[in-house]
Amino acid sequence: MSEVINFVLHFDRHLLEFLNTYGTTWVYGLLFTIVFAETGLVVTPFLPGDSLLFAVGMVAAGTGGALNPWLAIVLLFVAAFSGNALNYAIGRSIGPRIFAATDRSGWLHRLLNRDHLTQAHAFFEQYGGKAVVLGRFVPIVRTFVPFVAGAARMSRTSFVFYNFIGAAGWVVLCIGAGLLFGNIPIVKNNFSLVTLGIVAVSLIPVAIGLLRNKKT
């Protein structure tokens, strides 16, 4: 776990090391794989997301073209979009079975039952677009939102539409921020603190939601 944390907090350094060691082609493949897995597999929510994209923008701005920012944006948009699509498909395929297989006499059945699944379906039909788009910017949450959307039977057309908007907005904003601010000395020399700041800012919507729920 400590190695994973170190990898995330110092991803800018690791990215430069990978570029120098393996070249751009392999690095593009690695970046695609990480983003695809982080958004497409519920077992890998610990992989870097926001910080990775920011580091890509920062490195692209400071390596004299070793990383092409436009190619990176297109490639990682495809990874984010297709990852969420896979996650949605998995949720749609096995999500209802998970609910149905729960022991009807245990506490899990009370938590994961057909009524809750129906309510989740109604929620995603009404608010799914907002959940899919905003969930992109919240670590951990973005890994599970498409799975839950699939399990809740959110319509494919709606999911594809909001998945496109969310993936495009997430990739463009995060890489764009790295391009604009990544080479400012205080940012470049304190990437680990910037990473923690990105995580903190991205959790603000969750905190606001929890506070509102408590008030109601």
Side-chain angles (χ1 to χ4, degrees), residues 1-87 90 135-144 146-147 163-164 166-203:
M1 181 58 69
S2 60
E3 293 180 358
V4 173
I5 294 174
N6 176 70
F7 180 77
V8 173
L9 293 179
H10 302 287
F11 187 77
D12 58 327
R13 299 178 189 173
H14 295 301
L15 184 55
L16 287 171
E17 292 172 1
F18 290 146
L19 277 170
N20 293 329
T21 304
Y22 302 106
T24 55
T25 301
W26 283 103
V27 167
Y28 283 130
L30 175 66
L31 294 172
F32 183 97
T33 301
I34 292 175
V35 171
F36 180 85
E38 197 252 356
T39 58
L41 304 173
V42 292
V43 295
T44 53
F46 53 83
L47 291 173
D50 304 321
S51 58
L52 177 147
L53 297 176
F54 185 88
V56 168
M58 183 174 72
V59 172
T63 54
L67 281 181
N68 185 311
W70 297 109
L71 177 58
I73 286 173
V74 172
L75 187 70
L76 298 183
F77 161 75
V78 173
F81 180 86
S82 58
N84 257 25
L86 173 65
N87 210 343
I90 294 173
R136 278 285 185 183
F137 298 87
V138 183
I140 308 299
V141 171
R142 67 171 154 263
T143 304
F144 291 96
F147 181 88
N163 183 24
F164 183 94
W170 181 54
V171 171
V172 170
L173 285 175
C174 290
I175 292 182
L179 286 168
L180 290 174
F181 306 111
N183 281 320
I184 296 175
I186 192 172
V187 175
K188 188 174 182 179
N189 298 328
N190 295 279
F191 183 79
S192 58
L193 294 178
V194 172
T195 299
L196 294 175
I198 292 173
V199 173
V201 170
S202 63
L203 291 177

K.L.:
Are the aromatic ring centres of Phe77 and Phe164 under 6.0 angstrom apart?
P.N.:
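Aromatic pair counts; centres sit under 6.0 Å.
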K.L.:
Identify the residue among Leu67, Leu30, Leu52 that makes a side chain to side chain contact (heavy atoms under 4.5 Å, CB included) with Leu15.
P.N.:
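Of Leu67, Leu30, Leu52, side chain to side chain contact (heavy atoms under 4.5 Å, CB included) with Leu15 is met by Leu67 alone.
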K.L.:
Might you point out which heavy atoms bring Val56 and Ala72 nearest each other, and give the distance in Å?
P.N.:
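Looks like CG1-CB, 3.8 Å.
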K.L.:
Could you check if a side-chain atom of Phe147 sits within less than 4.5 angstrom of a side-chain atom of Ile90, using non-hydrogen atoms only?
P.N.:
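Heavy-atom side-chain distance check passes, below 4.5 Å.
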K.L.:
If you compare all heavy atoms of Ala80 against all heavy atoms of Asn163, which two are closest, and at what distance to 0.1 Å?
P.N.:
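Shortest heavy-atom contact: O-OD1, 4.3 Å.
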K.L.:
Measure the spacing between CG of Leu41 and CG of Leu47 and express it to the nearest 0.5 Å.
P.N.:
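Nearest 0.5 Å value for the CG-CG distance: 9.0 Å.
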K.L.:
Going from OG1 on Thr24 to CG on Leu19, what distance comes out if it is rounded to the nearest 0.5 angstrom?
P.N.:
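The OG1 atom of Thr24 sits 7.5 Å away from the CG atom of Leu19.
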K.L.:
How far does CD1 of Ile73 sit from CD1 of Ile175, to the nearest 0.5 angstrom?
P.N.:
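So the gap between those two atoms works out to 5.0 Å.
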K.L.:
How far apart are the C-alpha atoms of Asn87 and Val42, what are their side-chain angles, what is the distance that settles it, and do they pass the side-chain contact (heavy atoms from CB on, under 4.5 Å) test?
P.N.:
CA-CA 7 Å; Asn87 210 343; Val42 292; 3.5 Å; yes
K.L.:
Please check: side-chain N/O of Thr21 versus main-chain N/O of Phe18, any donor-acceptor pairing under 3.5 Å?
P.N.:
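Here the side-chain-to-backbone pair does not exist.
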K.L.:
For residues 38-47, which residue pairs qualify under salt bridge (Lys or Arg N to Asp or Glu O under 4.0 Å), counting only residues two or more places apart or in two chains?
P.N.:
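Every pair satisfying salt bridge (Lys or Arg N to Asp or Glu O under 4.0 Å) with a residue in residues 38-47: Glu38-Arg142.
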K.L.:
Which residues pass the side-chain contact (heavy atoms from CB on, under 4.5 Å) test with Ala79, sequence neighbours left out?
P.N.:
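Counting only residues at least two positions away or on another chain, Ala79 forms a side-chain contact (heavy atoms from CB on, under 4.5 Å) with Phe32, Val35, Phe36.
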K.L.:
I'd like to check Tyr28 versus Asn68 (side-chain heavy atoms, cut-off strictly below 4.5 Å). Are they in contact?
P.N.:
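When only atoms from C-beta onward are counted, Asn68 and Tyr28 do touch, with a gap below 4.5 Å.
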K.L.:
Could you tabulate the donor-acceptor pairs under 3.5 Å formed by side-chain atoms of residues 166-174, not counting sequence neighbours?
P.N.:
unit_1 : atom_1 : unit_2 : atom_2 : d
Trp170 : NE1    : Asp50  : OD1    : 2.5
Trp170 : NE1    : Arg136 : O      : 3.4

